[in-house]
Amino acid sequence: MTMTSVAKGTTRANEDFTGAVPTAAVLVDGAGIPGGEATCRHGVAWYAGRLGANLLSLVGDRGLPALLAEAVEQVTDEHRHTCDVANPISPSAAVAVLRLSGGLLEYLVLGDAFLVLDRADDAPLVVSDPREVIISRSYEPALEAAAKGSEDYHRLLRDLRANRNQPGGFWVAKDDPRAADEAITGSCAISELSGAVLLSNGAGRIVDPFQLADWPGVMAVLASSGPADIIHRVRQAETRHAVAADDATITYCTDLGQA
(Lines give C-alpha, C1' and ligand atoms only; values in the text may rest on other atoms or scores of the structure.)
Protein backbone atom coordinates (compact mmCIF):
# COMPACT_ATOMS: atom_id res chain seq x y z
CA MET A 1 0.00 0.00 0.00
CA THR A 2 1.37 3.39 -1.05
CA MET A 3 -0.09 6.68 0.19
CA THR A 4 0.68 10.21 -0.97
CA SER A 5 -1.07 13.39 0.17
CA VAL A 6 -0.06 16.91 -0.86
CA ALA A 7 -1.72 20.04 0.50
CA LYS A 8 -2.96 22.74 -1.86
CA GLY A 9 -0.41 25.19 -0.47
CA THR A 10 1.75 26.08 2.49
CA THR A 11 -0.60 28.45 4.31
CA ARG A 12 -3.46 26.04 5.14
CA ALA A 13 -3.65 22.61 6.68
CA ASN A 14 -4.20 19.65 4.36
CA GLU A 15 -7.95 18.95 4.56
CA ASP A 16 -7.61 15.41 3.14
CA PHE A 17 -7.08 12.33 5.31
CA THR A 18 -6.09 8.82 4.39
CA GLY A 19 -5.25 5.83 6.51
CA ALA A 20 -5.36 2.04 6.57
CA VAL A 21 -5.52 -1.07 8.71
CA PRO A 22 -4.62 -4.56 7.44
CA THR A 23 -8.03 -5.18 5.83
CA ALA A 24 -9.30 -1.68 4.98
CA ALA A 25 -8.34 1.72 3.63
CA VAL A 26 -10.13 5.04 4.06
CA LEU A 27 -9.85 8.39 2.27
CA VAL A 28 -11.68 11.49 3.50
CA ASP A 29 -11.73 14.69 1.42
CA GLY A 30 -12.74 17.49 3.76
CA ALA A 31 -14.76 20.43 2.47
CA GLY A 32 -14.87 23.93 3.87
CA ILE A 33 -16.73 27.06 2.84
CA PRO A 34 -15.43 30.61 3.37
CA GLY A 35 -16.75 31.81 6.71
CA GLY A 36 -17.07 28.28 8.02
CA GLU A 37 -14.46 28.96 10.70
CA ALA A 38 -17.15 30.82 12.64
CA THR A 39 -19.28 27.65 12.85
CA CYS A 40 -16.58 25.19 13.95
CA ARG A 41 -13.59 26.11 16.06
CA HIS A 42 -11.81 22.89 15.08
CA GLY A 43 -11.81 23.30 11.30
CA VAL A 44 -12.11 21.10 8.23
CA ALA A 45 -8.77 19.28 8.64
CA TRP A 46 -9.78 18.24 12.17
CA TYR A 47 -13.18 17.01 10.93
CA ALA A 48 -11.64 14.96 8.10
CA GLY A 49 -9.01 13.44 10.40
CA ARG A 50 -11.45 12.53 13.15
CA LEU A 51 -13.96 11.05 10.70
CA GLY A 52 -11.27 8.96 9.02
CA ALA A 53 -9.80 7.75 12.31
CA ASN A 54 -13.25 6.85 13.61
CA LEU A 55 -13.98 4.86 10.45
CA LEU A 56 -10.75 2.88 10.74
CA SER A 57 -11.45 2.11 14.41
CA LEU A 58 -14.86 0.70 13.52
CA VAL A 59 -13.83 -1.68 10.73
CA GLY A 60 -15.68 -4.95 11.31
CA ASP A 61 -18.34 -7.16 9.81
CA ARG A 62 -21.19 -4.65 9.58
CA GLY A 63 -22.16 -3.04 6.29
CA LEU A 64 -20.03 -0.09 5.24
CA PRO A 65 -22.95 2.41 5.31
CA ALA A 66 -23.62 1.46 8.94
CA LEU A 67 -19.95 1.98 9.80
CA LEU A 68 -19.92 5.38 8.10
CA ALA A 69 -23.13 6.40 9.86
CA GLU A 70 -21.62 5.55 13.24
CA ALA A 71 -18.40 7.41 12.43
CA VAL A 72 -20.37 10.51 11.40
CA GLU A 73 -22.38 10.32 14.60
CA GLN A 74 -19.21 9.96 16.69
CA VAL A 75 -17.43 12.97 15.22
CA THR A 76 -20.60 15.05 15.42
CA ASP A 77 -20.97 14.17 19.09
CA GLU A 78 -17.35 15.20 19.68
CA HIS A 79 -18.07 18.83 18.76
CA ARG A 80 -21.81 19.39 18.84
CA HIS A 81 -21.55 21.19 22.21
CA THR A 82 -18.86 23.60 21.07
CA CYS A 83 -19.70 24.13 17.39
CA ASP A 84 -22.73 24.84 15.19
CA VAL A 85 -22.64 21.40 13.56
CA ALA A 86 -25.98 21.79 11.73
CA ASN A 87 -25.00 25.08 10.09
CA PRO A 88 -24.95 24.66 6.27
CA ILE A 89 -21.35 25.91 6.12
CA SER A 90 -19.90 23.78 8.92
CA PRO A 91 -17.29 21.15 7.88
CA SER A 92 -18.28 18.21 5.69
CA ALA A 93 -16.43 15.61 3.64
CA ALA A 94 -16.46 13.16 0.77
CA VAL A 95 -15.53 9.60 1.75
CA ALA A 96 -14.14 6.53 -0.01
CA VAL A 97 -13.66 3.19 1.75
CA LEU A 98 -12.50 -0.26 0.70
CA ARG A 99 -12.52 -3.38 2.85
CA LEU A 100 -11.34 -6.94 2.24
CA SER A 101 -13.76 -9.52 3.57
CA GLY A 102 -14.26 -13.20 2.76
CA GLY A 103 -12.72 -13.12 -0.70
CA LEU A 104 -14.46 -9.87 -1.61
CA LEU A 105 -13.36 -6.27 -1.85
CA GLU A 106 -16.26 -4.18 -0.55
CA TYR A 107 -16.40 -0.48 -1.35
CA LEU A 108 -18.26 2.71 -0.49
CA VAL A 109 -18.10 6.18 -2.01
CA LEU A 110 -20.02 9.23 -0.76
CA GLY A 111 -19.42 12.61 -2.36
CA ASP A 112 -16.88 13.53 -5.03
CA ALA A 113 -14.06 11.12 -4.16
CA PHE A 114 -13.05 8.26 -6.47
CA LEU A 115 -12.38 4.57 -6.04
CA VAL A 116 -10.93 2.63 -8.99
CA LEU A 117 -10.67 -1.16 -9.11
CA ASP A 118 -7.99 -2.45 -11.49
CA ARG A 119 -9.49 -5.60 -12.96
CA ALA A 120 -7.04 -8.12 -14.38
CA ASP A 121 -9.14 -9.11 -17.39
CA ASP A 122 -11.29 -6.03 -17.96
CA ALA A 123 -11.23 -2.23 -17.96
CA PRO A 124 -10.92 -0.54 -14.54
CA LEU A 125 -14.15 -0.18 -12.61
CA VAL A 126 -14.49 3.49 -11.62
CA VAL A 127 -16.74 4.07 -8.62
CA SER A 128 -17.84 7.68 -8.17
CA ASP A 129 -20.79 9.69 -6.92
CA PRO A 130 -21.49 12.33 -9.60
CA ARG A 131 -24.41 14.10 -7.93
CA GLU A 132 -22.45 16.96 -6.35
CA VAL A 133 -20.51 17.63 -9.56
CA ILE A 134 -23.66 17.63 -11.69
CA ILE A 135 -25.51 20.04 -9.40
CA SER A 136 -22.51 22.31 -8.83
CA ARG A 137 -21.84 22.61 -12.55
CA SER A 138 -25.45 23.62 -13.17
CA TYR A 139 -24.79 26.73 -11.03
CA GLU A 140 -21.47 27.65 -12.66
CA PRO A 141 -22.82 29.90 -15.46
CA ALA A 142 -24.87 32.00 -13.03
CA LEU A 143 -22.03 32.22 -10.52
CA GLU A 144 -19.58 33.31 -13.21
CA ALA A 145 -22.01 35.98 -14.40
CA ALA A 146 -22.61 37.37 -10.91
CA ALA A 147 -20.17 39.81 -9.35
CA LYS A 148 -18.07 37.87 -6.86
CA GLY A 149 -19.03 38.87 -3.32
CA SER A 150 -22.29 40.49 -4.39
CA GLU A 151 -25.62 39.68 -2.78
CA ASP A 152 -26.66 37.82 -5.95
CA TYR A 153 -23.48 35.75 -5.80
CA HIS A 154 -24.05 34.80 -2.16
CA ARG A 155 -27.71 34.01 -2.88
CA LEU A 156 -26.64 31.56 -5.58
CA LEU A 157 -24.19 29.93 -3.19
CA ARG A 158 -26.92 29.56 -0.57
CA ASP A 159 -29.18 27.97 -3.18
CA LEU A 160 -26.41 25.55 -4.17
CA ARG A 161 -25.72 24.58 -0.56
CA ALA A 162 -29.43 23.98 0.02
CA ASN A 163 -29.10 20.90 -2.25
CA ARG A 164 -26.69 19.23 0.18
CA ASN A 165 -28.00 16.16 2.04
CA GLN A 166 -31.45 16.65 0.58
CA PRO A 167 -33.58 14.33 -1.61
CA GLY A 168 -32.86 15.15 -5.23
CA GLY A 169 -29.59 16.85 -4.24
CA PHE A 170 -26.18 15.52 -3.31
CA TRP A 171 -24.90 13.78 -0.20
CA VAL A 172 -21.77 14.16 1.93
CA ALA A 173 -20.61 13.21 5.40
CA LYS A 174 -21.47 16.06 7.76
CA ASP A 175 -23.64 15.96 10.90
CA ASP A 176 -26.47 13.63 9.79
CA PRO A 177 -25.56 9.92 9.88
CA ARG A 178 -28.48 9.13 7.58
CA ALA A 179 -26.47 10.52 4.66
CA ALA A 180 -24.44 7.28 4.75
CA ASP A 181 -27.46 5.41 3.37
CA GLU A 182 -27.07 7.42 0.14
CA ALA A 183 -23.51 6.19 -0.53
CA ILE A 184 -22.57 4.24 -3.64
CA THR A 185 -21.66 0.70 -2.54
CA GLY A 186 -20.76 -2.65 -4.05
CA SER A 187 -18.25 -5.49 -4.04
CA CYS A 188 -15.94 -7.40 -6.35
CA ALA A 189 -14.11 -10.70 -6.04
CA ILE A 190 -10.52 -10.09 -4.93
CA SER A 191 -9.37 -12.78 -7.38
CA GLU A 192 -10.48 -10.54 -10.27
CA LEU A 193 -8.39 -7.55 -9.14
CA SER A 194 -4.76 -6.60 -9.60
CA GLY A 195 -5.10 -3.45 -7.50
CA ALA A 196 -7.32 -0.66 -6.20
CA VAL A 197 -6.89 3.06 -5.64
CA LEU A 198 -8.67 5.75 -3.63
CA LEU A 199 -8.34 9.34 -4.88
CA SER A 200 -9.53 12.66 -3.53
CA ASN A 201 -11.20 15.02 -5.98
CA GLY A 202 -7.98 17.04 -6.22
CA ALA A 203 -6.03 14.00 -7.42
CA GLY A 204 -8.85 12.90 -9.73
CA ARG A 205 -8.31 16.12 -11.71
CA ILE A 206 -5.79 14.17 -13.80
CA VAL A 207 -8.81 12.71 -15.62
CA ASP A 208 -11.39 15.48 -15.20
CA PRO A 209 -10.98 18.30 -16.01
CA PHE A 210 -7.36 18.11 -17.22
CA GLN A 211 -7.72 14.95 -19.36
CA LEU A 212 -4.05 14.08 -18.92
CA ALA A 213 -4.97 10.39 -18.83
CA ASP A 214 -7.97 8.10 -18.86
CA TRP A 215 -8.50 5.72 -15.96
CA PRO A 216 -6.58 2.80 -17.55
CA GLY A 217 -3.76 5.29 -18.09
CA VAL A 218 -3.93 6.37 -14.45
CA MET A 219 -3.60 2.77 -13.31
CA ALA A 220 -0.63 2.29 -15.64
CA VAL A 221 1.14 5.35 -14.18
CA LEU A 222 0.44 4.16 -10.64
CA ALA A 223 1.90 0.75 -11.41
CA SER A 224 5.02 2.20 -13.04
CA SER A 225 5.84 5.30 -10.97
CA GLY A 226 3.37 5.55 -8.09
CA PRO A 227 0.94 8.13 -6.68
CA ALA A 228 3.44 10.98 -6.37
CA ASP A 229 3.82 11.11 -10.16
CA ILE A 230 0.04 11.48 -10.60
CA ILE A 231 -0.07 14.41 -8.17
CA HIS A 232 3.01 16.00 -9.79
CA ARG A 233 1.26 15.93 -13.17
CA VAL A 234 -1.87 17.46 -11.64
CA ARG A 235 0.16 20.27 -10.05
CA GLN A 236 1.82 21.04 -13.39
CA ALA A 237 -1.60 21.21 -15.10
CA GLU A 238 -3.01 23.48 -12.38
CA THR A 239 -0.13 25.88 -12.96
CA ARG A 240 -0.43 25.67 -16.75
CA HIS A 241 -4.16 26.38 -16.71
CA ALA A 242 -4.01 28.93 -13.85
CA VAL A 243 -6.38 26.79 -11.76
CA ALA A 244 -6.25 27.07 -7.97
CA ALA A 245 -4.61 24.00 -6.46
CA ASP A 246 -6.59 21.55 -4.34
CA ASP A 247 -5.44 19.08 -1.70
CA ALA A 248 -4.56 15.88 -3.56
CA THR A 249 -4.45 12.44 -1.94
CA ILE A 250 -4.02 8.92 -3.32
CA THR A 251 -3.95 5.53 -1.61
CA TYR A 252 -2.82 2.76 -3.97
CA CYS A 253 -3.29 -0.89 -2.97
CA THR A 254 -1.79 -3.97 -4.65
CA ASP A 255 -1.41 -7.66 -3.77
CA LEU A 256 -4.91 -7.61 -2.34
CA GLY A 257 -5.01 -11.36 -1.93
CA GLN A 258 -2.10 -11.17 0.53
CA ALA A 259 -4.04 -9.14 3.14
Side-chain angles (χ1 to χ4, degrees), residues 1-5 15-31 42 44-81 85 91-119 125-129 165 171-201 227 249-259:
M1 186 175 296
T2 306
M3 300 178 179
T4 302
S5 187
E15 295 174 345
D16 288 352
F17 167 92
T18 193
V21 294
T23 59
V26 168
L27 185 147
V28 180
D29 184 351
H42 303 93
V44 175
W46 175 89
Y47 180 87
R50 298 296 288 208
L51 180 62
N54 287 346
L55 264 171
L56 288 172
S57 73
L58 292 169
V59 170
D61 296 331
R62 288 181 297 157
L64 294 179
L67 294 178
L68 177 56
E70 184 172 348
V72 168
E73 189 165 19
Q74 284 182 347
V75 71
T76 301
D77 285 344
E78 287 182 54
H79 71 141
R80 71 166 69 249
H81 299 300
V85 297
S92 62
V95 180
V97 182
L98 64 80
R99 179 176 65 185
L100 306 179
S101 177
L104 294 176
L105 184 147
E106 302 171 318
Y107 58 79
L108 174 150
V109 174
L110 182 69
D112 61 358
F114 297 92
L115 189 150
V116 185
L117 304 182
D118 199 11
R119 297 183 287 189
L125 174 63
V126 182
V127 184
S128 62
D129 181 353
N165 288 0
W171 301 83
V172 294
K174 191 176 175 294
D175 61 298
D176 186 349
R178 293 173 296 183
D181 292 332
E182 301 293 333
I184 309 299
T185 61
S187 63
C188 184
I190 295 172
S191 60
E192 298 175 3
L193 302 174
S194 56
V197 61
L198 309 174
L199 305 96
S200 67
N201 181 51
T249 300
I250 298 174
T251 293
Y252 178 46
C253 311
T254 57
D255 299 325
L256 297 171
Q258 304 303 312

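All values below were derived from every heavy atom in this structure, side-chain atoms included, with hydrogens, water molecules and symmetry-related copies excluded.
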With a 4.5 Å heavy-atom cut-off, do [X] and [Y] have their side chains touching?
| X | Y | value |
| --- | --- | --- |
| V116 | V127 | no |
| N165 | V172 | yes |
| E70 | R62 | yes |
| L115 | V197 | no |

[X] and [Y]: which non-hydrogen atoms are nearest, and at how many Å?
| X | Y | result |
| --- | --- | --- |
| L108 | P65 | CD1-N, 3.6 Å |
| A179 | L110 | O-CD1, 3.8 Å |
| M1 | C253 | CE-SG, 3.6 Å |
| A113 | A96 | CB-CB, 4.1 Å |
| Y107 | L64 | C-CD1, 3.6 Å |
| A69 | P177 | O-CB, 3.3 Å |

* Asked: Are R178 and D181 close enough for a salt bridge, meaning some N to O gap below 4.0 Å?
  ->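 No, R178 and D181 are not salt-bridged.
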
* Short N-O contact, R99 and E106, less than 4.0 angstrom ->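 Answer for the salt bridge query: yes.
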
Do [X] side-chain atoms and [Y] backbone N/O form a donor-acceptor pair below 3.5 Å?
| X | Y | answer |
| --- | --- | --- |
| S200 | T249 | yes |
| D118 | L193 | no |
| D29 | N201 | yes |
| Y47 | K174 | yes |
| S187 | L104 | no |

Working to the nearest 0.5 Å, report the span between [atom1] of [X] and [atom2] of [Y].
| X | Y | atom1 | atom2 | value |
| --- | --- | --- | --- | --- |
| L67 | S57 | CG | OG | 9.5 Å |
| L105 | L125 | CG | CG | 10.0 Å |
| H79 | D175 | NE2 | CG | 7.5 Å |
| L117 | L98 | CG | CG | 8.0 Å |
| L68 | T185 | CG | OG1 | 11.0 Å |
| F17 | T251 | CZ | OG1 | 9.0 Å |

* Apply the test side-chain contact (heavy atoms from CB on, under 4.5 Å) to residues T18 and V26: give CA-CA distance (whole Å), side-chain angles for both, the deciding distance (0.1 Å), then the verdict. => CA-CA 6 Å; T18 193; V26 168; 6.0 Å; no

* **Step-by-step side-chain contact (heavy atoms from CB on, under 4.5 Å) determination, D16 to L27** => CA-CA 7 Å; D16 288 352; L27 185 147; 5.7 Å; no

* State which residue, out of T76, L56, V28, fulfils the side chain to side chain contact (heavy atoms under 4.5 Å, CB included) condition with L51. => V28

